[in-house]
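Treat the numbers as computed from the prediction; the structure is a model and nothing was measured. Scope of the values below: all heavy atoms of this structure, side chains included, with no hydrogens, waters or symmetry mates. Every number for a ligand or one of its atoms is a count from 1 in the order of the listing.
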Amino acid sequence: MIIEPRMRGFICLTAHPDGCEQNIKNQIEYIKSKGAINGAKKVLVIGASTGFGLASRISSAFGSNAATIGVFFEKPPTEGRTASPGWYNSAAFEKEAHKAGLYAKSINGDAFSNEIKKQTLDLIKADLGQVDLIIYSLASPVRMHPTTGILHRSVLKPIGGTFTNKTVDFHSGKVSEISIEPSSGDDIENTVAVMGGEDWKMWIDALKAENLLAPGATTVAYSYIGPSLTEAVYRKGTIGRAKDDLEATAFTITDSLADIDGKAYVSVNKALVTQASSAIPVIPLYISLLYKIMKEEGIHEGCIEQIQRLYADRLFSGKEIPTDEKGRIRVDDWEMRPDVQEKIAKLWQEATTENLADLGDLEGYRSDFHNLFGFGFAGVDYKAEANEMVGVESIA
Ligand SMILES: NC(=O)c1ccc[n+]([C@@H]2O[C@H](COP(=O)([O-])OP(=O)(O)OC[C@H]3O[C@@H](n4cnc5c(N)ncnc54)[C@H](O)[C@@H]3O)[C@@H](O)[C@H]2O)c1
């Protein structure tokens with residue numbers, strides 16, 4: 001079929017298998033171009049199909065020759081209906097990994113469930129024996145709690161008062177003011193239940209109980225802080241409470257791994273266009289200004305550049321891992337540079353529908369958004385028939 005983008009708000013209903021494959025190939029090339037990383041060799045990535053988790057899987061496999069197991073929740077294709085992009089990404093990743101002689105298997109299902117955890121544990125037991133790196137990179141709006149059966153929904157709301165600020169519809173470029181009502185009822189608890197640290201700890205506990213963690217195993221989850229501009233809706237909002245909980249869980253996990261000399265870290269990453277971040281109000285306007293400044297300064301990075309730097313300069317540099325006063329690894333250091341943030345704060349005041357295309361990098365935002373779904377890649381013939389029925393080679 002001929003596959004075109006079909007946009008609905010901050011989602012695209014179609015994905016292009018050849019474009020997703022090109023995206024994977026580009027990321028692999030980038031990792032290879034940066035040279036070998038003396039990193040972990042048996043890696044489990046939870047949330048491995050898009051964004052930071054996908055970049056982590058690619059960095060481990062093609063930077064460190066690692067065997068990888070990827071867990072994700074994606075929609076396979078049916079005749080005439082494309083798969084979700086993470087499916088095609090994973091298909092292309094496995095194809096390239098297998099071509100390179102690397103072990104790569106994937107599990108598609110709800111990572112929050114006991115069933116998927118058990119399936120993953122069984123696969124590690126059968127194929128790898130133990131893992132030495134576990135990347136936790138889930139971004140989900142809902143979580144069915146495996147013991148209570150309660151379906152928790154996360155919300156992106158300020159706490160304590162209505163938040164009013166500028167935002168942009170990145171498709172039309174229209175800058176407008178939005179007001180977001182504060183959280184109420186169980187909003188905070190629900191958001192913490194979905195995006196906090198409980199599930200991360202459940203994974204590590206389950207792996208440890210079955211003796212599947214290698215001595216000195218490391219686990220890393222991803223977090224975000226961001227500037228004061230977005231604080232009310234992000235770091236001091238409901239999602240921020242979940243990130244506080246995730247960050248605190250790193251210490252609990254490290255304590256629980258003392259006997260195997262294991263460690264849990266949170267890495268604070270940069271704001272980037274992913275399916276998760278495009279759903280958060282105000283963030284697209286911030287990102288379009290951030291991209292503009294960071295590109296001008298020559299310090300712009302995508303997910304793959306961020307994770308390459310996390311691995312090469314922080315986690316596996318051979319030196320002590322640098323952390324901030326709260327024990328977090330920071331690869332948002334360039335985003336948070338005072339000179340970068342001062343410029344954004346100024347542009348933020350000036351941004352209007354009429355001038356945003358010049359002031360900000362709206363084009364860069366849109367292009368990244370299209371790329372998420374496999375559209376807009378050089379070298380792909382989008383007018384040609386594409387086969388939507390692509391399978392992932394080793395999937396359970
Ligand atoms: N995007 C950003 O700007 C940004 C910045 C810093 C940190 N982070 C953090 O990075 C992490 C990953 O976010 P992302 O932006 O890469 O998101 P993403 O949407 O690109 O990826 C989410 C991944 O989780 C998987 N997933 C979702 N629900 C699942 C489920 N129930 N079971 C199994 N897999 C499931 C998806 O299949 C996908 O692989 C999040 O913790 C996020 O807060 C994101």
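- Between E21 and K25, at least one side-chain N (NZ, or NE/NH1/NH2) sits under 4.0 Å from a carboxylate O, which counts as a salt bridge.
- Contacts of C303 with ligand 1, taken as heavy-atom pairs under 4.0 Å, are absent altogether.
- Put simply, the residue from S64, S317, S59, S60 that forms a side-chain hydrogen bond (donor to acceptor under 3.5 Å, both in side chains) with Y311 is S60.
- No N or O atom of G53 sits closer than 3.5 Å to an N or O atom of ligand 1.
- On a distance-only criterion, L272 and ligand 1 share at least one N/O pair closer than 3.5 Å.
- Salt-bridge formation is not detected for the pair D245/R241: no Lys NZ or Arg NE/NH1/NH2 atom is positioned less than 4.0 Å from an Asp or Glu carboxylate oxygen.
- Between S113 and ligand 1 there is no heavy-atom distance shorter than 4.0 Å.
- At a threshold of 4.0 Å, the pair K326-E247 does not count as salt-bridged, since none of the basic side-chain nitrogens sits closer than that to a carboxylate oxygen.
- Below 3.5 Å of separation, one finds no N or O of V71 facing any N or O of ligand 1.
- Close N/O approach between A271 and ligand 1 is not found [any backbone or side-chain N/O within under 3.5 Å].
- For ligand 1, the polar-atom distance check against T50 finds a nitrogen or oxygen pair separated by under 3.5 Å.
- Distances below 4.0 Å separate heavy atoms of N269 from the following atoms of ligand 1: 6 (C).
- The nearest heavy-atom contact from the protein to atom 28 (N) of ligand 1 is S140 CB, 3.5 Å.
- Ligand-side atoms of ligand 1 in range of G51: 16 (O), 20 (O), range being under 4.0 angstrom from any heavy atom.
- No salt bridge links D205 with K117; every basic N to acidic carboxylate O contact stays at or beyond 4.0 Å.
- Heavy atoms of G86 come nearer than 4.0 angstrom to ligand 1 in no pair at all.
- With respect to K270 and E301, no salt bridge is recorded, no charged nitrogen being found less than 4.0 Å from a carboxylate O.
- Among all non-hydrogen protein atoms, the one lying nearest atom 31 (N) of ligand 1 is D110 OD1, 2.9 Å.
- Protein heavy atom closest to atom 10 (O) of ligand 1, with residue, atom name and distance, is Y222 CB, 3.5 Å.
- Taking atom 12 (C) of ligand 1 as the reference point, the nearest protein heavy-atom neighbour is S137 OG, 3.1 Å.
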Practice item. Kindly indicate, with the supporting measurements, whether the criterion side-chain contact (heavy atoms from CB on, under 4.5 Å) is fulfilled by M195 and T238. Key: CA-CA 10 Å; M195 290 297 287; T238 50; over 6 Å; no
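- The main-chain N or O of A264 is never found under 3.5 Å from a side-chain atom of T219 such that the two would form a donor-acceptor pair.
- Close N/O approach between F52 and ligand 1 is found [any backbone or side-chain N/O within under 3.5 Å].
- Residues that satisfy the salt bridge (Lys or Arg N to Asp or Glu O under 4.0 Å) test with K295, not counting sequence neighbours, are D361.
- At least one N or O atom of S49, backbone or side chain, sits closer than 3.5 Å to an N or O atom of ligand 1.
- Using a 4.0 Å cut-off between charged nitrogen and carboxylate oxygen, K99 and E96 count as a salt-bridge pair.
- Considering both main-chain and side-chain atoms, K243 comes within under 3.5 Å of ligand 1 through a nitrogen or oxygen pair.
- Ion pair R366/E363 flagged as a salt bridge, since at least one NZ, NE, NH1 or NH2 atom sits closer than 4.0 Å to an Asp/Glu carboxylate oxygen.
- In this structure, L138 and V194 have side chains that are not in contact, with every pair of non-hydrogen atoms separated by 4.5 Å or more.
- Between K270 and ligand 1 there is a heavy-atom distance shorter than 4.0 Å.
- Considering both main-chain and side-chain atoms, Y224 never comes within under 3.5 Å of ligand 1 through any nitrogen or oxygen pair.
- Here salt bridge (Lys or Arg N to Asp or Glu O under 4.0 Å) pairs that include residues 148-177, with residues two or more places apart or in two chains, are K157-D187.
- Heavy atoms of A48 found under 4.0 angstrom from ligand 1 belong exclusively to the backbone.
- One side chain, S106 or R57, offers a donor N or O that lies under 3.5 Å from an acceptor on the other.
- Scanning all protein heavy atoms for the shortest distance to atom 40 (C) of ligand 1 gives L138 O, 3.5 Å.
- Here T274 has side-chain heavy atoms under 4.0 Å from ligand 1, and that is the only part of it that gets that close.
- In terms of protein heavy atoms, atom 17 (O) of ligand 1 is closest to A139 CB, 3.5 Å.
- Looking only at heavy atoms of the protein, atom 7 (C) of ligand 1 is closest to S223 O, 3.0 Å.
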